[in-house]
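Notes follow the structure.
The chains referred to below are lettered A, B, ... by the order of the sequence lines, with proteins before strands, and numbering in each begins at 1.
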Amino acid sequence: MSEQPSAAASKRDPGSGSDRLLSLGDLRLDRRLRWILAIYIVVIATIVGYNADAIAKERGAALIVNVAARQRALGERYVKDVYMVTQGVEADPGDDSSQLVTNAASLLNGGDVIAVQGADATVHIPRASDDPRVIAKLDEERRLINELIPAGNALMAMKNTDPGFSEQLQQLRVIGAQVTSISNDAVGQMTRDTEAAFGRLVAIGIILGVLGAIAAVTLSLIMRRMGARRLAQFRSLVNNASDMITVVDEDSNIRYQSPAAARLVGLDPAQMIGTSYLDVVDTGDADKVRALLREVADAPSNVATGEYKVNLTDGSTRYVESIVSSLITDPTVKGLVMNTRDVTDRKMLEEELSHKALHDPLTGLPNRALLRDRIEQALKRRARHGGHVAVLLLDLDGFKMINDSLGHDAGDELLVSVGNRLNESSRDEDSVARLGGDEFVIILEDDSGDPDGVSAVAARLLNDISVPYRIRGHEVFIRGSVGIAVSTGVGTTTEDLIRNADTAMYAAKGAGGGRFELFQPVMHARAMEKFEIGVELQQALVRNEFVVHYQPIVDFATQSIGGCEALVRWDHPTRGLLPPAEFISVAEDTGVIVPLGRWVLAEACGQTAAWRTRFPETSDLWVSVNLSTRQLLEPDLVHQVEVVLGETGLEPSALILEITEGSLMQDVGLTLVKLQGLKALGVRLGIDDFGTGSSSLGYLRQFPIDVLKIDKSFVDDVTTESAQASALVKAIVDLADTLNLETVAEGIELTEQLTRLRAVGCRTGQGFLFARPLGSEAMEECLGQGPMRMGDAFLADGSAAAVH
Amino acid sequence: MALAAATLLLFSACSNASPPDAPGPHFTLRDFHIDSSQQVISAGNVVLHIYNDSPSTHEFVLIKTDLPPSALPLDADGLSIDESQFQHAGEISEVDTQTNRTLTLNLAPGKYVFFCNLEGHFLGGMHGVLDVVGP
């Protein structure tokens, strides 16, 4: 196989880098070629033009020399004719003299002359010469002619017998000889000039000819060199190219194989000649390659590109890309040219990138994007084949606490372990994905039509993940909340399923976690309502739709109001007065709780300060205000409180800020700093809903707490005869006493509760038994009643005696 | 043979060997007369400077003769001198127009005639006499 066909192949290859190299080389050579050609053409044109001009001049010069030479004969003839006339012989010296004069003038300045001696036809001649020597001679000739003719006339006027005739004749002959002499002289000079011009012509012709020959030889050498270079370039490119160049016939048989085959497919290129190219192609891709070659063979103007796998002799497989073009009609190639390169690294990278784009880097599970795709595919399959798709959304309960206590690395390890366990618990046909954070999604197809089956899977998963994990030397327990959404048929979208599962998951969490909930449409309605509330909340603050109610907190010993708890209400324009339960959680979720809490704080402090001034008997009235988790995380919380106290003038000790146990545990270190800052202001701190949190009691020593508010659930229990419930409350009160904390019992509704609470040592409390939360006016009225105003509650014998 | 060699030695002429500014008589050729800067010169080696100031080509012939130019014999055509009757002292057969030529001669004392012997030129007046005197 010669390189010739391959060179042509490369020129047809649109994507080949070698083709570009060749083109650049061609361009440079072509430019030089054009210059050489141009010079060659100019030289040739100059030679032709110069010769044509010289020939034309030569033809004119010959005629002029002829005329000049004729002057000599005319001079001699004139002398002879004059003499003949003097001897009585018929002659026409006048014609001779006329021609002599005419020719002399024409030779000097150009003009008509007799074409051929003895004929009448005239011809125009140009000025005889530009040579000043010739012109001087012709001018001298004319001068002598002008002497000759009068001398002739004078002789013809004499008779040969006249004295002086001989002298006059001699004079005429001498002038005639002079004319002849100068005519010869002029002709001689003109001839010499012509010879010199001819010599120059010959020299220039020789020079131009040599130049032309040099140009032609140079041209030939450059073209030869260009061809050789092009051939060498291509040979080098083909031999050294990382791409494998193959020429195959229409039956896929190899006719030429470049050396790169040894590296790319591990075969000796020479041994590949005559074999089928498909022999190196992976069996699964053979049809693809056949189609690729066929496409180009059928449409020779096409260039086709295809990726496929090839099998190496060592048993490994590589991905390659071939660009195929047809040179079937090129007599030097007669084949399909394949330019093949190894794209394995690129393919691997693509696959890796694709995997990364669709998988969670931590757990290796499908990510949200792939999850959505899988749900969509599952929905399409179920639409075709019937059945349902169930999406189980699992959120780990208390995962944040693991992160906070053991660190994020441990949290990540736990997420990986949970992911693995979910995978192990699922069937092969189910998909487990990580939605983000501590949320996982399991897609079930086959069982989805059976709610009991789905529920069983959810229960199994919850059970499996609750088995303790060993993380960094710690035994970690974790639970999860699962929301289940099942497709309802055509029209169910991926969005629907994920959103509904999420809603159901929150319902499961709301129900205490560690359980699953099947999505019900009412959940969605609730979620929507929550969403709308969130939107309205944003505007309610601006519209000043919130009001603060105050629930009296009674000192059991004095049976009077010691303080009150500020409780926010939303005076909704259409739904009326809404309790916190209707909007606080939404306010927490949307962040409105921060400005709302700040407003409540300012309002309560201002009101309490006003009451303390207005009612001297209650000048030690205090107010407790709830601080939300979000407020506690506000960086400038201490400053905010300080500003409010400053602006309202409320004594700091008259303010109790209530925090839930959950809030305390969000960020222990940061919270401690904040609480110490608040404590430094003189503000008192209370734990709200004490006893409902899952944290240890150790924090009671750690944080600067002043008040424990015993949760209503404990107070409710003491109504029974359960000694255990009373003992529990007593333990709390004793603990508070030990730590020098005050206790406030919440939700006291029955006298019996009051009695038992007093019996176990509790000293203050609040609840409907004394008063519901009151508007500021009602509270004022209550405060205005003076001391012992809560005494009625203490008089009753077990029946509720709410003020309002 | 010996005589010929001696003659050749005596009248050896070199039109190109002498520098243009070498001392010697100057002759200016015109149509049709010859101006001479000197009529008398010393015998011995002498350089003749000939300049053709005419448009025509001329010749310069120097012969040793006691005859005056008018008495020199003519050719049969009667238009030029019959040079065969004289011993040439020196000759430049072609002096181109507007060119300088020199003629270096070793002249013996005596009468000399110089002229252009082209047909009609001598008779037109192109001649002169040169006396070469002994030391």
Side-chain angles (χ1 to χ4, degrees), chain A residues 68-69 71-73 75-76 78-80 82-83 104 107-108 128-148 151-152 155 165-193 195-196, chain B residues 15-16 20 27-35 50-62 67-84 91-101 113-128:
Chain A
Q71 291 291 80
R72 171 187 170 180
E76 289 176 347
Y78 176 74
V79 172
K80 190 177 78 177
V82 167
Y83 180 72
L107 286 167
L108 269 172
S129 172
D130 293 328
D131 184 349
R133 291 171 300 182
V134 173
I135 291 168
K137 291 180 197 302
L138 292 173
D139 201 43
E140 179 69 359
E141 180 188 276
R142 187 168 61 173
R143 186 184 70 75
L144 289 170
I145 288 169
N146 288 339
E147 283 184 14
L148 180 68
L155 186 65
F165 178 82
S166 296
E167 290 77 11
Q168 186 61 38
L169 176 59
Q170 182 63 6
Q171 176 68 19
L172 180 65
R173 291 185 68 224
V174 166
I175 298 172
Q178 289 172 350
V179 168
T180 300
S181 171
I182 194 71
S183 291
N184 277 339
D185 198 3
V187 169
Q189 186 62 51
M190 288 165 69
T191 303
R192 285 193 295 278
D193 285 354
E195 284 175 352
Chain B
S15 61
N16 295 317
F27 302 90
T28 305
L29 313 182
R30 296 197 167 88
D31 286 355
F32 291 91
H33 60 276
I34 299 175
D35 293 332
I50 300 109
Y51 176 65
N52 181 359
D53 192 31
S54 81
S56 307
T57 303
H58 294 288
E59 63 179 5
F60 184 86
V61 180
L62 182 69
L67 294 173
S70 57
L72 293 177
L74 295 176
D75 272 340
D77 63 0
L79 291 173
S80 56
I81 301 299
D82 181 4
E83 293 179 47
S84 62
E91 180 182 347
I92 299 174
S93 60
E94 224 175 71
V95 183
D96 282 341
T97 178
Q98 309 300 322
T99 56
N100 277 302
R101 303 290 293 273
V113 174
F114 55 86
F115 55 91
C116 172
N117 203 27
L118 293 175
E119 286 185 352
H121 288 211
F122 177 87
L123 294 173
M126 290 191 74
H127 51 72

*asked:* Could you report the tightest heavy-atom contact between P55(B) and A136(A), atom names first, then the distance?
replied: CB-O, 3.3 Å
*asked:* Checking an interface table here. Which of residues 115-126 of chain B come within a heavy-atom distance under 4.5 Å of chain A?
replied: L118(B), E119(B), G120(B), H121(B), L123(B), G124(B)
*Tell me the residues of residues 72-80 of chain B whose non-hydrogen atoms fall below 4.5 Å from those of chain A, in number order.*
D77(B), G78(B), L79(B)
*Please list all pairs passing the salt bridge (Lys or Arg N to Asp or Glu O under 4.0 Å) test where one or both residues lie in residues 179-192 of chain A, with sequence neighbours left out.*
K137(A)-D185(A)
_Portion of I175(A) that has a non-hydrogen atom of chain B nearer than 4.5 angstrom_ = neither
_Contacting moiety of Q171(A), where chain B heavy atoms sit under 4.5 Å_ = neither
_Full working for side-chain contact (heavy atoms from CB on, under 4.5 Å) between D96(B) and R133(A)_ = CA-CA 9 Å; D96(B) 282 341; R133(A) 291 171 300 182; 5.8 Å; no
*Among all residues two or more places apart in sequence or in another chain, which pass the side-chain contact (heavy atoms from CB on, under 4.5 Å) test with V134(A)?*
S129(A), D131(A), L138(A), Q189(A), M190(A), D193(A)
*Taking atom CZ of F32(B) and atom CD1 of I182(A), what is their separation to the nearest 0.5 Å?*
6.5 Å
